[in-house]
2 protein chains.
Amino acid sequence: MQTSAFSPHDHSRCITSAIGHAKSLCADRGVKLTPVRQRVLELVWQSHQPIGAYELLASLAKEGFNSAPPTVYRALEFLSGQGLLHKLESINAYVGCCNPDTPHQGHFLLCQDCHQAQELDSQYINLALKVSADQHGFKIQRHTIEIVGTCEECLAQSTALEPTP
Amino acid sequence: MQTSAFSPHDHSRCITSAIGHAKSLCADRGVKLTPVRQRVLELVWQSHQPIGAYELLASLAKEGFNSAPPTVYRALEFLSGQGLLHKLESINAYVGCCNPDTPHQGHFLLCQDCHQAQELDSQYINLALKVSADQHGFKIQRHTIEIVGTCEECLAQSTALEPTP
DNA sequence: TTGACAGTTGTTATAATATAACATAGCATT
DNA sequence: AATGCTATGTTATATTATAACAACTGTCAA
Ligand SMILES: [Zn+2]
Ligand SMILES: [Zn+2]
Ligand SMILES: [Zn+2]
Ligand SMILES: [Zn+2]
C-alpha cells in the first residue's frame with residue numbers, strides 16, 4: 001500500500017492488493033466474495049475518490065449485472081461488514097479500506113479539490129476522542145471522523161498558479 | 001448553559017437562552033430571524049435529541065406554517081449559516097448549537113440509548129486533527145466529528161439493571 | 001435421491017432525505 | 001409609484017436507501 005492516496009503512485013497495485021487481500025480474508029472467514037460483491041469492491045477501488053451507490057449501480061448496469069438498488073446496497077453492506085470499505089457519511093459515498101484486517105472506523109482526509117480520500121488511523125486522534133469522551137463519562141462505540149480540506153498536491157498546484165507579488 | 005445535555009437539568013432555560021441568544025446575535029448581524037426560522041430553531045431546541053428535517057416539517061404543518069420541504073430546508077440553511085445549529089451527518093438530523101458566537105463545526109457525543117447529543121469543542125481533538133492533517137501536508141477547512149456510544153446516565157442505568165454476580 | 005435449510009439474488013415498490021426552478025409577496029430606498 | 005432585494009410559496013423532481021417477498025443455489029444429512 002502506498003503512503004498516500006494523494007501522491008502519484010501506481011494505483012493498479014492498490015487495486016490488485018485490495019482485491020487479493022479481500023479474497024484471502026473472505027476465504028479465511030468462510031464468507032463468500034461473490035462476483036457482484038467483488039465487482040463492487042473493484043469499482044470502489046477504481047480510484048481514491050469515494051463513489052456513490054447509484055454511480056456504482058450505473059457501472060454494474062453497463063456490465064450486465066443486475067441493477068436494482070438492493071443489489072448494490074447489499075454488496076456495500078457485506079463489504080462494509082467485512083471491513084473492506086467505509087462509508088463517508090458527510091458525502092454519502094464509499095471508499096475502500098486500506099487495512100481491513102482489524103475492525104476500525106478510521107479517520108478520513110477528504111480533498112475538496114481532487115475529491116480523493118485518504119484513510120488514517122491516528123492514535124493521536126483516537127486518544128483525543130477517548131480523553132474527551134472519558135471526561136464526560138461517555139463510552140465510545142463507534143465514530144465518524146471526516147476532515148475536509150485541501151491535500152498537499154492540490155495546495156502545491158494552487159500555490160504554483162498564484163500571481164507573484 | 002448547563003454542562004451536559006445528558007444530565008438532568010432545567011431544559012426550559014436551555015431553550016430561552018438559545019432563542020434569546022439567537023435574537024440578539026441576528027440583530028447584531030443585521031439578519032432576520034423570521035417567524036418560521038425562529039420556530040424551527042425552537043423546535044430544534046425542544047430537546048437535546050437531534051431532529052430530522054421532515055419531523056420539523058410535520059411540526060410546522062400542525063402549527064399552520066407552510067409545510068413544503070423547501071420551507072424547512074431554507075430555515076435550516078439560514079440557521080446553520082448563522083452557526084445556530086449543526087447538522088449531524090451520520091444521522092441526518094439537526095441539533096442546536098451551544099455556542100453560536102464563533103464559527104466552528106464542533107464535536108458531538110451521540111448516545112445511542114437516550115438519543116441525545118452533546119456538543120464539545122475539545123482542544124485536544126482539534127489539536128489531534130491538526131497534527132494528523134499536518135503530517136500529510138493537508139490543510140483543514142472543516143470537519144465532521146461524531147462519536148456514538150453510551151452516555152454516563154444511560155451507562156449508570158444499565159449497570160443498575162445488571163444481575164448481581 | 002431428495003428434501004430441508006441457509007444464504008444469496010431478483011424484483012417491485014416505497015420510504016426518507018434534499019434540491020431545482022420559477023412565481024409571488026413584503027419591504028426598504030429612491 | 002418604481003426599483004431592487006430578501007424572503008416565502010409552490011410544484012416538481014433528484015438523490016439516497018430500505019421493505020417485502022419471491023426465486024434460485026449450494027450443502028448436507030436422512
Ligand atoms: Zn492508489
Ligand atoms: Zn479502514
Ligand atoms: Zn437542555
Ligand atoms: Zn456549535
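So you know, we letter chains A, B, ... as the sequences are listed, proteins then strands, and number each from 1.
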Do B/H136 and A/F6 have their ring centres less than 6.0 Å from each other?
-> no
Indicate, with a heavy-atom threshold strictly under 4.0 Å, whether A/F65 touches base, sugar-phosphate, or nothing.
-> nothing
Stacking check B/Y54 vs C/dT17 (5.5 Å / 30 deg) = yes
So, is A/K87 near the phosphate of D/dA17, with a side-chain N or O under 4.0 Å from OP1 or OP2?
-> yes
Rounded to the nearest 0.5 Å, what's the gap from CG on A/L25 to CG on A/L84? Could you check?
-> 5.5 Å
May I ask you to verify if any side-chain N or O of B/N66 is less than 4.0 angstrom from the OP1 or OP2 atom of D/dG9?
-> yes
Against the side chain of A/T34, the closest entry in C/dC22, C/dT9, C/dA18 is C/dT9
Look at the side chain of A/T71 and decide which nucleotide, out of D/dA7, D/dT11, C/dT11, has an atom nearest to it.
-> C/dT11
Atom NZ of A/K32 to atom C1' of D/dG26: distance rounded to whole Å?
-> 6 Å
Could you state the OH-P distance from A/Y73 to D/dT15, rounded to the nearest angstrom?
-> 12 Å
Gap between atoms CD1 and P, on A/I91 and C/dA18 respectively (whole Å) | 15 Å
Is the shortest side-chain N/O distance from A/R37 to OP1 or OP2 of C/dT9 below 4.0 Å?
-> yes
Counting heavy atoms from C-beta on, name the nucleotide in C/dT9, D/dA17, C/dA18 closest to the side chain of B/A53.
-> C/dA18
Once you round it to whole Å, what is the distance between P of C/dA18 and CD of A/E89?
-> 12 Å
Does B/R39 come within less than 4.0 Å of B/E42, counting only side-chain N to carboxylate O?
-> yes
Are any of B/N92's side-chain N or O atoms less than 4.0 Å away from OP1 or OP2 of C/dA16?
-> no
Touch class at under 4.0 angstrom, heavy-atom based, for B/F78 against every strand present | nothing
Within the modelled atom types, does a donor on one side and an acceptor on the other bring the side chain of A/R74 and the base of C/dG10 under 3.5 Å apart?
-> yes
